[in-house]
Amino acid sequence: MNPHRLLLTAILFVSTLTLPAQQKTAAPNFTLTSLEGKPVRLSDYRGKLVLLNFWATWCGPCIAEIPRFSTWQTKFGPQGFQVLGVSMDDDKAPVQKAARKFQLTYPVVMGDEHLGERYGGVLGLPVTYLISPEGKILARYQGETDLNQLEKRIATLLAAKKP
């Protein structure tokens, strides 16, 4: 294996954080406006498994994840899954352009430093949180994430959620 790829893999592995049950904290609630002008409240998605993704249009790894997240929203949405995108761009125009280009199947809101701080600091992108139907943070993924593993985890959590 290429030594640079091995180092990157190790960094990505370390940057993925799964919280033990006793350390799971409530995801900070927020109300922001979607690109379509509608209010988006995290609390409105209680009862669903939520993937909260902080991203930006200038972030290559962020853009690479977007098509998969849209696919997951379509595939898992009927099972109680919701993707929410939080753009950390300074200007709304490139975000709207990206949303049209990728035909996003999930809401996107404009985030800011304050929201990032409430989530423990969003100092590199992408940052993705997996939030339980009860509103608890299950995991935090910093940087490029193994999307195949994340998809398996989502499928497992949704299967366990069924009565």
Side-chain angles (χ1 to χ4, degrees), residues 1-18 27-28 30-42 44-45 48-79 81-131 137-158:
M1 179 179 248
N2 178 324
H4 295 293
R5 181 117 173 109
L6 182 60
L7 177 61
L8 179 60
T9 301
I11 290 168
L12 295 177
F13 176 76
V14 169
S15 70
T16 299
L17 171 67
T18 300
F30 59 82
T31 301
L32 295 169
T33 305
S34 73
L35 296 179
E36 292 79 28
K38 298 177 183 175
V40 174
R41 286 179 276 297
L42 180 61
D44 286 348
Y45 297 98
K48 293 186 178 217
L49 180 64
V50 175
L51 185 135
L52 181 66
N53 175 244
F54 288 84
W55 67 285
T57 57
W58 45 262
C59 166
C62 301
I63 296 302
E65 293 177 336
I66 287 175
R68 284 287 286 278
F69 293 164
S70 279
T71 299
W72 294 349
Q73 181 59 56
T74 302
K75 178 179 179 180
F76 295 123
Q79 299 171 46
F81 177 72
Q82 181 63 54
V83 177
L84 296 174
V86 179
S87 171
M88 298 302 280
D89 286 270
D90 293 329
D91 185 21
K92 195 176 187 179
V95 181
Q96 291 171 317
K97 183 178 177 182
R100 283 190 302 273
K101 176 182 176 183
F102 292 107
Q103 299 177 359
L104 297 182
T105 58
Y106 56 88
V108 173
V109 298
M110 297 300 294
D112 57 24
E113 185 177 321
H114 176 68
L115 181 61
E117 287 173 6
R118 292 182 62 210
Y119 274 85
V122 176
L123 301 174
L125 295 173
V127 175
T128 302
Y129 292 87
L130 199 54
I131 302 170
I137 296 174
L138 298 174
R140 179 181 195 266
Y141 302 91
Q142 174 79 45
E144 286 185 77
T145 300
D146 182 336
L147 297 179
N148 293 327
Q149 288 297 321
L150 182 53
E151 183 173 6
K152 287 177 188 172
R153 181 156 190 208
I154 290 166
T156 299
L157 289 166
L158 290 171

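This one's a predicted model, so the numbers in the text were calculated from it and none came from an experiment. Throughout, residue positions are numbered sequentially from 1 according to the sequence presented. What you see below is based on every heavy atom in this structure, not just the backbone, and it leaves out hydrogens, waters and symmetry mates.
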Can you name the nearest heavy-atom pair linking [X] to [Y], along with the distance?
{"X": "Arg153", "Y": "Leu138", "answer": "NH2-O, 4.0 Å"}
{"X": "Gln79", "Y": "Lys75", "answer": "NE2-O, 3.5 Å"}
{"X": "Glu65", "Y": "Thr128", "answer": "OE1-OG1, 4.2 Å"}
{"X": "Tyr129", "Y": "Arg140", "answer": "OH-NE, 2.8 Å"}
{"X": "Glu144", "Y": "Pro61", "answer": "CG-CB, 3.4 Å"}
{"X": "Pro107", "Y": "Val40", "answer": "CB-CG2, 4.2 Å"}

Rounded to the nearest 0.5 Å, what separates atom [atom1] in [X] from atom [atom2] in [Y]?
{"X": "Lys152", "Y": "Leu157", "atom1": "NZ", "atom2": "CG", "value": "14.5 Å"}
{"X": "Met110", "Y": "Leu32", "atom1": "CE", "atom2": "CG", "value": "10.0 Å"}
{"X": "Phe54", "Y": "Gln142", "atom1": "CZ", "atom2": "CD", "value": "11.0 Å"}
{"X": "Leu51", "Y": "Phe76", "atom1": "CG", "atom2": "CZ", "value": "11.0 Å"}
{"X": "Leu35", "Y": "Arg100", "atom1": "CG", "atom2": "CZ", "value": "9.5 Å"}
{"X": "Lys48", "Y": "Leu158", "atom1": "NZ", "atom2": "CG", "value": "10.5 Å"}

Check: [X] side chain, [Y] main-chain N or O, donor-acceptor pair, under 3.5 Å:
{"X": "Asp146", "Y": "Asn148", "answer": "yes"}
{"X": "Glu151", "Y": "Trp72", "answer": "no"}
{"X": "Tyr106", "Y": "Gln82", "answer": "no"}
{"X": "Thr145", "Y": "Gly143", "answer": "yes"}
{"X": "Thr105", "Y": "Ser70", "answer": "yes"}

task: Take Leu52 and Phe30, measure what side-chain contact (heavy atoms from CB on, under 4.5 Å) needs, and give me the verdict at the end.
output: CA-CA 12 Å; Leu52 181 66; Phe30 59 82; 3.9 Å; yes
So [Y] and [X], do their side chains get closer than 4.5 Å, heavy atoms only?
{"X": "Leu150", "Y": "Leu130", "value": "yes"}
{"X": "Val109", "Y": "Leu84", "value": "no"}
{"X": "Val86", "Y": "Val122", "value": "no"}
{"X": "Phe69", "Y": "Trp55", "value": "no"}

field: Asp112 atom CG: more than 12 heavy-atom contacts under 6.0 Å
entry: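 Yes, because the 6.0 Å sphere around CG of Asp112 holds more than 12 heavy atoms from other groups.
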query: Heavy-atom count around Lys101 NZ within 6.0 Å, excluding the residue itself: above 12?
result: no
